[in-house]
Amino acid sequence: MTHRVLIAAEIKNLLDPAQLADLDITWLPADEPTPKGDWVALVPLLSRWVGGTELKNLPNLRSVANVAVGYNNIDLVAAEMRKVLVTNTPGVLTEATADLTWALILATTRRLIEGVELVRSGQWTGWHPEQLLGVELHGRTLGLFGAGRIGQAVGRRALPFGLRVLYTARTPKPDFERETGARRVDTSQLLFESDIVSLHVPSSPETKGIINGETLARMKRGAILINTSRGDLIREEALAMALELGHLGGAGLDVYTDEPAIHPRLLAAPRTVLLPHIGSATEETRRQMVAIAVSNVQAVLSGNPPLTPVYA
Ligand code: NAP
């Protein structure tokens with residue numbers, strides 16, 4: 001029996017055709033609205049909102065398999081009410097995203113983009129003892145706001161750089177503490193003591209806007225903020241102001257509140273490294289993400305439990 005499924009058109013080239021047996025696929029481009037119809041599964045990109053209206057328009061839907069670990073684009077309560085199983089792609093993107101977080105840490109602390117722009121502009125006049133002085137990592141403190149899979153992977157990479165690691169999480173992480181010497185603190189202490197604050201909590205009603213004028217003011221003068229989690233954790237205008245005033249020493253961002261739009265003041269702010277949401281963008285990881293998403297659909301459609309479910 002073939003099943004009618006809606007799959008994001010943009011993942012077509014990453015999928016293994018052998019995985020698609022028994023699926024009658026409608027490819028859905030990201031710029032097209034979610035259609036009405038009798039599809040039984042949906043594999044959306046994280047940019048597609050799947051809420052009550054979309055679910056109502058797909059009355060036969062049994063599974064939404066997000067191609068991301070974050071699932072803030074899906075109304076979980078509405079899905080649960082309609083008995084639609086929601087899945088994500090945890091784990092396979094942890095190392096790639098941790099690597100990119102480190103790319104941002106190094107690019108901001110050592111002012112890589114300014115250096116590249118100087119060389120490209122033809123304005124570089126040679127070595128100068130005070131040129132593009134950055135922040136030395138050795139002996140400084142990295143604060144992980146959230147220490148789940150990705151936060152911990154970022155923390156493990158901090159050891160060879162000689163950083164002290166602090167973290168916040170709802171539950172203690174004894175293995176991580178043993179492995180890295182990291183210490184669990186509350187949000188105030190994390191903001192107050194960290195030279196680099198890196199965000200790794202999911203976007204949720206509790207975490208939205210957690211970095212705002214008030215919390216930014218509690219960060220050390222000259223500290224650096226990194227965000228590879230979700231854009232709406234940060235109030236972008238407040239961050240732009242903190243950069244303009246020189247209170248923050250820099251910001252390295254991969255994600256934004258209203259992608260692909262970026263707050264104009266943040267775009268113009270000094271000492272930023274702004275990336276186009278490429279945290280998990282390696283060939284291996286993206287192939288594994290789409291493979292897990294389709295495996296989740298196949299499991300649900302054959303009456304088995306999904307591999308990586310998420311619940312409201
Ligand atoms: P995870 O393993 O679930 O870790 C989330 C962490 O956040 C945990 O430490 C958790 O605490 C903490 N947390 C959750 N809700 C919280 C709350 N309300 N208040 C305080 N802490 C809270 O997730 P992950 O795999 O590391 O992924 C983290 C996020 O990264 C994802 O949600 C996604 O949005 C983002 N991401 C972005 C990219 C990108 O392309 N830039 C790629 C991958 C992932 P406990 O451990 O105590 O539960």
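In listed order, ligands and their atoms are each counted from 1. If you're wondering where the values come from, they're calculated on a predicted model, not measured in any experiment.
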Charged N to carboxylate O under 4.0 angstrom, [X] versus [Y]?
X: E283; Y: R287; result: yes
X: R48; Y: E54; result: no
X: E95; Y: R157; result: yes
X: R218; Y: E214; result: yes

Open item on the list: Under a 3.5 Å threshold, yes or no: a donor from one side chain and an acceptor from the other, between T101 and T228?
Closed with: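 A pair is found: one side chain offers a donor N or O, the other an acceptor, under 3.5 Å apart.
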TODO: Would you please say whether a donor-acceptor pair under 3.5 Å links the side chains of D254 and N227?
DONE: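 There is no such pair between these side chains.
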- [ ] Compile the protein residues with any heavy atom at a distance under 4.0 Å from an atom of ligand 1; present them by chain, then by number.
- [x]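 Only V69, G70, L93, T97, G146, A147, G148, R149, I150, A169, R170, T171, K173, H200, V201, P202, E206, T207, T228, S229, R230, D254, V255, H277, G279, S280 have heavy atoms that fall under 4.0 Å of ligand 1, ordered by chain and number.
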